[in-house]
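Encoded as structure tokens, the structure appears first; notes follow it.
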There are 2 protein chains.
Amino acid sequence: MTTASPTPTRTRRNRRAEILEAAARLFAARGFHGVSIEDIGGAVGVSGPALYRHFDGKDALLSEMLLDVSSRLRESAVTVVTTAAAGPEEILDALLDVQIEFAIEHPALITVHDRELGNVPEPARRQIRRLQRLYVEEWVTVLAELHPAAPAARLRAATHAVFGLLNSTPHSAGELPAQDMRPMLHAMARAAIAAAVR
Amino acid sequence: MTTASPTPTRTRRNRRAEILEAAARLFAARGFHGVSIEDIGGAVGVSGPALYRHFDGKDALLSEMLLDVSSRLRESAVTVVTTAAAGPEEILDALLDVQIEFAIEHPALITVHDRELGNVPEPARRQIRRLQRLYVEEWVTVLAELHPAAPAARLRAATHAVFGLLNSTPHSAGELPAQDMRPMLHAMARAAIAAAVR
DNA sequence: CACGGATGTTAGTCATCATTAACCTCATCG
DNA sequence: CGATGAGGTTAATGATGACTAACATCCGTG
């Protein structure tokens with residue numbers, strides 16, 4: 001037990017995170033295949049093949065990135081839904097807040113997440129799809145509770161539309177300060193949902 | 001004047017359009033750099049370098065695709081705005097219908113249009129950006145007429161959010177028949193806009 | 001009917017890129 | 001102090017892919 005350090009060294013943790021962040025930015029700007037290993041290394045001050053000390057390869061890097069995003073979102077949703085001591089209205093508000101916060105804080109990840117799934121190799125792709133589906137279903141379940149008369153397909157399509165609305169942050173970057181953006185997106189989404197099931 | 005045929009032969013027109021369509025589908029699925037010239041040729045039954053009989057290269061193909069989309073959208077907007085014999089409410093409805101129709105009929109083009117601008121080489125990129133900006137401004141102008149008190153930045157961010165909502169069609173493909181999708185998106189967008197300026 | 005242009009084809013060519021190999025350095029820890 | 005392992009480095013290697021060349025076909029027209 002003397003040799004096993006319970007946590008990786010600080011350096012390694014930082015470098016990995018640094019790489020993931022830089023890669024997200026680059027992938028969002030030029031697409032997965034438009035970015036080279038050299039580009040990514042360069043963005044964090046090391047050169048090219050140093051990446052392989054931290055990831056199994058470019059594919060693995062993308063897989064981990066998307067897996068991380070989809071699990072984080074899914075987990076937040078589960079937490080919100082299960083720990084809420086309140087009714088579906090409040091749960092929906094909380095779901096909206098989680099997604100809005102993520103979209104504002106991590107626009108590059110949002111972009112990559114719904115752009116590059118097609119480039120993830122098969123073992124991971126299935127898992128990411130699964131997490132995404134589960135995330136959508138959390139929303140649909142809450143919406144169904146609020147609007148029992150609405151068909152599930154309609155709620156699902158409306159949910160995708162709301163995601164599109166909330167995930168517009170990469171396009172309106174800098175237009176509006178986050179303080180104004182958050183409540184505006186929340187209000188727009190709420191109104192859109194109400195209109196979808198009317 | 002005997003030699004100059006005023007319109008290209010029918011074959012050429014068809015092949016060009018075919019190629020553009022297939023390329024759009026492929027780019028939407030795997031990204032610009034994830035698709036090879038061979039892939040595109042193969043998708044229309046010719047092989048690889050035949051492309052160069054119709055386009056100057058892969059970059060030129062993408063440029064033309066995005067230029068076409070952004071001019072078509074922009075032109076429809078101009079037409080709607082200038083030919084309308086009605087008030088801003090009706091104009092907004094018409095703008096929504098145009099965008100919804102396009103998003104439902106051409107999901108692949110919508111996807112490529114807001115994904116691949118970063119891969120368009122410089123002469124064309126500026127022009128596409130310009131057309132996109134003008135398109136947004138058509139919307140903002142109409143919205144400003146309806147809600148004179150709202151700051152332009154807010155209207156612009158709201159417009160981007162509405163585009164995100166409407167352009168969610170590639171994600172909810174098949175969830176809902178187009179007949180139901182159209183009015184639902186229209187209602188959601190309308191409600192979202194109203195909420196944005198409240 | 002011969003010719004020219006439009007459209008394809010196949011076989012290079014030349015870059016770029018992911019990945020691997022072989023080798024360095026240095027901090028930690030026994 | 002010396003071994004060891006984490007994290008880098010540069011130089012192959014092997015694919016892949018955009019683009020070009022050289023050569024075929026076919027069709028409409030003078």
Side-chain angles (χ1 to χ4, degrees), chain A residues 1-23 26-27 29-65 112 116 118-124, chain B residues 1-23 26-27 29-65 116 118-122 124:
Chain A
M1 168 183 197
T2 48
T3 57
S5 89
T7 66
T9 73
R10 167 133 12 105
T11 311
R12 180 177 183 96
R13 275 220 182 286
N14 287 349
R15 200 33 70 89
R16 266 180 76 85
E18 238 183 316
I19 291 173
L20 282 166
E21 197 189 317
L26 290 169
F27 290 165
R30 307 207 296 271
F32 180 69
H33 293 291
V35 175
S36 73
I37 285 292
E38 266 293 325
D39 292 336
I40 301 173
V44 301
V46 303
S47 254
L51 270 201
Y52 291 85
R53 299 294 171 192
H54 302 276
F55 299 93
D56 282 348
K58 207 187 170 194
D59 286 351
L61 175 59
L62 180 65
S63 297
E64 177 163 334
M65 189 182 300
V112 176
E116 305 292 1
N119 289 314
V120 174
E122 208 18 288
Chain B
M1 173 187 197
T2 49
T3 58
S5 89
T7 64
T9 74
R10 166 137 8 106
T11 311
R12 179 176 183 96
R13 275 219 182 289
N14 286 349
R15 198 35 69 88
R16 267 181 75 85
E18 239 183 315
I19 291 174
L20 282 166
E21 196 190 317
L26 290 169
F27 290 166
R30 306 206 296 271
F32 180 69
H33 293 292
V35 176
S36 74
I37 285 292
E38 266 293 325
D39 292 335
I40 301 174
V44 302
V46 302
S47 254
L51 270 201
Y52 291 87
R53 298 296 171 193
H54 302 277
F55 299 92
D56 283 347
K58 206 186 169 194
D59 286 352
L61 175 60
L62 181 66
S63 297
E64 178 165 333
M65 188 183 299
E116 304 292 0
N119 289 315
V120 175
E122 209 17 288

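So that the names make sense, note that chain A is the first sequence line, chain B the second, and so on, each numbered from 1.
Comparing D:dT9, D:dG7, C:dT9 against the side chain of A:H54 picks out D:dG7 as the nearest. Considering only side-chain atoms of B:Y52, the nucleotide from C:dT9, D:dG7, D:dA18 that sits closest is D:dA18. The side chain of A:S36 has C:dC17 as its nearest neighbour among C:dC17, D:dG8, C:dT10. Residue A:P49 has its side chain nearest to D:dT10 when only D:dG8, D:dA18, D:dT10 are considered. For B:K58, whose side chain is taken as the heavy atoms from C-beta onward, the closest listed nucleotide among D:dC19, D:dT9, C:dG8 is D:dC19. Closest contact between the side chain of A:I37 and the listed nucleotides D:dA18, D:dT20, C:dT19 involves C:dT19.
The shortest heavy-atom contact between A:L26 and A:D39 is CD1-O, 3.8 Å. A:E38 and A:P49 make their closest contact through OE2-CD, 4.2 Å (heavy atoms, listed as atom of the first residue, atom of the second, distance).
Atom CZ of B:F32 is separated from atom P of D:dG17 by 13 Å (rounded to the nearest Å). Computed from coordinates, the A:R16 CZ to D:dA6 P distance equals 14 Å when rounded to whole Å. At whole-Å resolution of the value, NE2 in B:H33 and P in C:dA15 are 19 Å apart. Rounded to a whole Å, the CG atom of A:L51 is 17 Å from the P atom of D:dA6. The CG atom of B:L61 sits 10 Å away from the P atom of D:dC19 (whole-angstrom rounding). In this structure, the CD atom of A:E18 is 13 Å from the P atom of D:dG7, given to the nearest Å. If you measure from atom CG of B:D59 to atom P of D:dG17, you get 16 Å, rounded to the nearest angstrom. Between A:F55 atom CZ and C:dT20 atom C1' there is a gap of 19 Å when expressed in whole angstrom units.
Across all strands, A:G57 comes closer than 4.0 Å only to sugar-phosphate atoms, never to a base (heavy-atom distances).
In this structure a side-chain-to-backbone donor-acceptor pair under 3.5 Å is present from B:R16 to B:H54.
The distance from atom CG of B:L62 to atom CG of B:L20, rounded to the nearest 0.5 Å, is 10.0 Å. Rounded to the nearest 0.5 angstrom, B:I19 CD1 and B:M65 CE are separated by 10.5 Å.
Remark: B:R15 is in phosphate contact with C:dG8, judged by side-chain N or O atoms under 4.0 Å from OP1 or OP2.
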